Amino acid sequence: MADGHPEAGLMPSGQVAGLIDDLPTCAELITRFGTQAQKATYVPRLVSGEAIAGAFALSEPHCGSDAAALKTSAERRLDSWVLNGSKQWITSGAYAGVMVVWARTSGGGRGISAFIVEGKHPGLHVGKPEDKMGLRGSNTVALTFEDCAIPLDNLLGQEGDGFKLAMIALDGGRIGIASQACGVTRAALEASIRYARDRRAFDRRIADFQAIQWFLANIATDLSAAELLTLRAASLKEAGAPFTREASMAKLLASEMAYRACDKAVQIHGGYGYIDEFPVERYLRDARVQTLYEGTSEIQRLVIAREVIKAHSA
Ligand SMILES: Cc1cc2nc3c(=O)[nH]c(=O)nc-3n(C[C@H](O)[C@H](O)[C@H](O)COP(=O)(O)OP(=O)(O)OC[C@H]3O[C@@H](n4cnc5c(N)ncnc54)[C@H](O)[C@@H]3O)c2cc1C
């Protein structure tokens, strides 16, 4: 995880390393769609910690929301798939022992397939870590594939099924981001309550001012709503029921709520909220990305709208 920054490895409460990196997503994809041999080879490495991270390599420099426009290619040769192209924004890409990489192939579906690639594979080059506004405890890099030859057996699922696999993985990942958003909001709320009880102004605790109480009440209420939506999506997933709409709703609501809440947490801290002596400025920076990755808020709204319209026309 660590990228050398002082914030590396320090997660606000409720955030765990597994949610910041894509280890669970990789392990789940391989468990669900892998061959027996792929499961036996890669899943134990991921879950035992032998591979200290997993990576999910879908986005490219020219496309994130429109993932189907990806250009990285995989050419089938006699005894290997040869990957060429660039990936952008890959979480834990520098440390991942196992990656799932999406590339364009000739046939089937949308012409996109998924592949398992081991970290440090010849032909795979890792870019320098991005200097991000927040989430600085997590490593984000570009990856370049230059005639990167991987075994034929490393195709994940059927050729042409890649886009479908990516969408399935993102549905689950969105529950993870919603959980992250709830975690950072809980941390911001707890820090704000502590501060409001300690800090005095006009001979009173600031917790006694109604303005501050309303900030706290709104954060606590929004957080409860986001947690319930997140749990609903997670329980549908666990029950094997459809959860695309609920995962997008949870991610949309929780991520937008987290940024608002962390902004109010800074407000409650006054000037001290703006310096790194208190944790809330970091929470605000960390929360900002949550409306961007695993699908922006705009993409979540597209998914939700598509699902609700479909449900009404059924
Ligand atoms: C810190 C970080 C970590 C990341 N980790 C990973 C990772 O591990 N693996 C990975 O594959 N990717 C990762 N990403 C990439 C992330 O998923 C993309 O940044 C995201 O999907 C948005 O894509 P984009 O940046 O290309 O924006 P664009 O797709 O170019 O979007 C730009 C703007 O246009 C809007 N927009 C685009 N299309 C539409 C539309 N149809 N309707 C309305 N609005 C639209 C977007 O909502 C956004 O506001 C990460 C990104 C960050 C910042």
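Just follow the structure's listing: the first ligand is 1, and inside any ligand the first atom is 1. In what follows, residues are counted from 1 in the order of the sequence shown. No experiment lies behind these values; they were computed from the predicted model shown. These numbers come from the heavy atoms of this one structure, side chains and all, not from hydrogens, waters or symmetry mates.
When the side chains of ILVMFWY residues are joined at heavy-atom separations under 4.5 Å, either directly or via intervening members, Leu170 and Phe33 end up in a single hydrophobic cluster.
The distance from ligand 1 to the heavy atoms of Phe56 drops below 4.0 Å at these ligand atoms: 7 (C), 8 (O), 9 (N), 10 (C), 11 (O). Annotation for ligand 1: atoms under 4.0 Å from non-hydrogen atoms of Leu58 are 11 (O). Less than 4.0 angstrom separates some heavy atom of Thr296 from each of these atoms of ligand 1: 22 (C), 46 (C), 47 (O). Near Val289, the atoms of ligand 1 lying under 4.0 angstrom from a non-hydrogen atom of the residue are 1 (C), 53 (C). Ligand-side atoms of ligand 1 in range of Glu298: 43 (C), 44 (N), 46 (C), 47 (O), 49 (O), range being under 4.0 angstrom from any heavy atom. With ligand atoms numbered from 1 in the order given, ligand 1 contributes 17 (O) to contacts under 4.0 Å with heavy atoms of Glu294. Close approach of ligand 1 to Lys132 (heavy-atom distance below 4.0 Å) involves ligand atoms 1 (C).
The shortest side-chain heavy-atom distance between Glu307 and Ser248 does not fall under the 4.5 Å cut-off.
The residue among Ser92, Gly173, Gly64, Ser59 with a heavy atom at the shortest distance from atom 12 (N) of ligand 1 is Ser59. The heavy atom nearest to atom 27 (O) of ligand 1, out of those in Ala55, Ser65, Gly93, is found in Ser65.
A distance below 6.0 Å separates the ring centres of Trp102 and Phe56.
Between Phe278 and Tyr195, the ring planes lie perpendicular to each other; the angle is over 60°, past the 30° to 60° tilted range.
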Please evaluate residues Glu60 and Lys87 with respect to the criterion salt bridge (Lys or Arg N to Asp or Glu O under 4.0 Å), reporting the C-alpha separation (whole Å), side-chain torsions for both, the decisive distance (0.1 Å), and the verdict.
CA-CA 4 Å; Glu60 299 195 353; Lys87 295 290 174 182; 2.8 Å; yes

